[in-house]
Protein chains: 2
Amino acid sequence: MDAIDLTLVELLQGNARLSYAELARQVGLSSPAVHERVGKLESAGVIRGYRADVDPEAVGLGVTAFIGLVEDSGADTDDVLEALRAMPGIESCYFMAGVESFLCMARVGTIAQLEQLILQLNRIPGIASTRTAIALSTKWEDRPQQITS
Amino acid sequence: MDAIDLTLVELLQGNARLSYAELARQVGLSSPAVHERVGKLESAGVIRGYRADVDPEAVGLGVTAFIGLVEDSGADTDDVLEALRAMPGIESCYFMAGVESFLCMARVGTIAQLEQLILQLNRIPGIASTRTAIALSTKWEDRPQQITS
DNA sequence: AGGGTCAGGTCGATGGCGTCCACGGACTGT
DNA sequence: ACAGTCCGTGGACGCCATCGACCTGACCCT
């Protein structure tokens, strides 16, 4: 990960569809050299993939919420995780420090669907309680992280 | 947004670097037709861009935290937002229902940097208090949303 | 010091791709 | 019926991705 790799990562974070030729121009290398560097960044796991950034509201997912989950004492965390993973609408899931073992970011179409989702969550064995916070608007999301190393 | 557009969005969500020729093969259209459809999805704002998905830990951002912010009574929300936006490390920011006006997702390199970030947040005029929850691990993140419409 | 090895670059060739343009069929409103 | 519009196809052309061959400098071992 030298300075050129860093620039490549930043460029691709900004626009994942840049051609290798364009990347090459930006970093002052030949196109095959860039091709090889990017390939190595991918297989090293630095670049995990390339995603289109889709506006959730434009595809009928207008409701965003964060749901904290408290586990039962003696719950099997792996089972809970599996159940969470099976639920559509849970876009992100973190294992947290604190009383609430999990924090989930959910995206659904309507408040009614959010209600259904919460009911389903409460029905998962091992989950003692849920706490939901609804986002009224997204100020920004997934801003390109500034790379330190 | 017909079924073909939907497929295109899903394909690009999975891999933003697919060629137009490949997309065309998958949906059974010609490459120029796909090119035009994708262009329209972009200018309609359905596709906001294309981003490389970078592993935060691989670039020195091993600490993820969620910070809820309570505003002072009489705080200027726009000013607070501006101050938040100026802070590096705050990757996402939502305006929330509830006592905590904002929920921020922060990504930094170390716990010490998180401490600094929280101190800075508390120093922003208009912010009464902060509440931080630290993620111990990320189970998944930004799972491709299932498109309903 | 000298030579082997390797990582990482350039260059050139070639096949495929992006992109532009002209053209054509199906709907729609008049 | 007819013109206009939308949305597609096919062909052409230049650029790009990708591969192989070769070059160079750093490093190590003797």
Side-chain angles (χ1 to χ4, degrees), chain A residues 1-62 109 142 144-149, chain B residues 1-62 109 142 144-149:
Chain A
M1 272 290 283
D2 61 1
I4 291 182
D5 282 343
L6 212 138
T7 310
L8 289 174
V9 168
E10 282 170 352
L11 287 170
L12 286 170
Q13 246 181 353
N15 180 5
R17 280 183 80 80
L18 286 176
S19 67
Y20 290 116
E22 181 58 32
L23 292 170
R25 253 172 254 125
Q26 302 267 347
V27 302
L29 285 181
S30 67
S31 158
V34 167
H35 192 270
E36 191 181 343
R37 275 174 178 266
V38 172
K40 282 180 183 173
L41 288 169
E42 289 169 1
S43 47
V46 177
I47 295 178
R48 292 187 291 206
Y50 305 92
R51 310 241 196 90
D53 171 20
V54 175
D55 182 1
E57 305 207 17
V59 294
L61 296 172
D142 298 327
Q145 58 241 69
Q146 53 238 64
I147 298 164
T148 54
S149 72
Chain B
M1 272 290 281
D2 60 3
I4 292 182
D5 282 343
L6 212 139
T7 309
L8 289 174
V9 168
E10 282 170 352
L11 287 170
L12 286 170
Q13 245 181 354
N15 180 5
R17 279 182 81 78
L18 286 176
S19 67
Y20 290 116
E22 182 58 32
L23 291 171
R25 254 171 253 126
Q26 302 265 347
V27 301
L29 285 182
S30 66
S31 158
V34 167
H35 191 268
E36 191 181 343
R37 275 173 177 267
V38 172
K40 282 180 184 172
L41 287 169
E42 289 169 1
S43 47
V46 177
I47 296 177
R48 292 187 291 206
Y50 305 93
R51 308 227 209 94
D53 171 21
V54 176
D55 182 3
E57 305 206 18
V59 295
L61 296 172
D142 299 326
Q145 58 241 70
Q146 51 237 70
I147 298 166
T148 55
S149 74

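Atoms considered below: every heavy atom in the structure, side chains included; atoms not considered: hydrogens, waters and symmetry mates. Quick note on labels: first sequence line is chain A, next is B, and so on, each numbered from 1. Predicted model only: the values in this text are computed from it and were never measured.
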Protein-nucleotide distance ([X], atom [atom1]; [N], atom [atom2]), rounded to Å:
{"X": "Glu36(B)", "N": "dC6(D)", "atom1": "CD", "atom2": "P", "result": "10 Å"}
{"X": "His35(A)", "N": "dG9(C)", "atom1": "NE2", "atom2": "P", "result": "14 Å"}
{"X": "Arg25(A)", "N": "dC15(D)", "atom1": "CZ", "atom2": "C1'", "result": "9 Å"}
{"X": "Tyr20(A)", "N": "dC11(C)", "atom1": "OH", "atom2": "C1'", "result": "20 Å"}
{"X": "Glu22(B)", "N": "dG15(C)", "atom1": "CD", "atom2": "P", "result": "20 Å"}
{"X": "Asp5(B)", "N": "dC7(D)", "atom1": "CG", "atom2": "P", "result": "10 Å"}

**Asked** Does a donor on one side chain and an acceptor on the other come within less than 3.5 Å for Glu36(B) and Tyr20(B)?
**Response** no
**Prompt:** Can you tell me if Gln146(B) and Glu10(B) form a side-chain donor-acceptor pair at under 3.5 Å?
**Reply:** no
**Message:** Side chain of Ser19(A), heavy atoms from C-beta onward: which of dC16(D), dT18(D), dT9(D) has the nearest atom to it?
**Reply:**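 When the side chain of Ser19(A) is considered, dC16(D) is the closest of dC16(D), dT18(D), dT9(D).
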**Message:** Side chain of Lys40(A), heavy atoms from C-beta onward: which of dC17(C), dG8(C), dG8(D) has the nearest atom to it?
**Reply:**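 Between dC17(C), dG8(C), dG8(D), the one nearest the side chain of Lys40(A) would be dG8(C).
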**Prompt:** Do the charged groups of Asp142(A) and Arg48(B) touch, with an N to O distance under 4.0 Å?
**Reply:** no
**Prompt:** Hey, is the side chain of Arg37(B) poking within less than 4.0 Å of OP1 or OP2 on dC6(D), counting only N and O atoms?
**Reply:** no
**Asked** Relative to the 5' end of DNA chain C, which residue comes earlier, Leu18(B) or Asp2(A), by the nucleotide with the nearest heavy atom?
**Response** Asp2(A)
**Request:** Using heavy atoms to find the nearest nucleotide of DNA chain C for Ile4(A) and Pro32(B) separately, return the residue whose nucleotide is more 5′.
**Result:**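 The 5'-side residue here is Ile4(A).
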**Asked** Does the side chain of Asp2(A) come within less than 4.5 Å of Arg37(A)'s, by heavy atoms?
**Response**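 Counting from C-beta outward, Arg37(A) and Asp2(A) do come under 4.5 Å.
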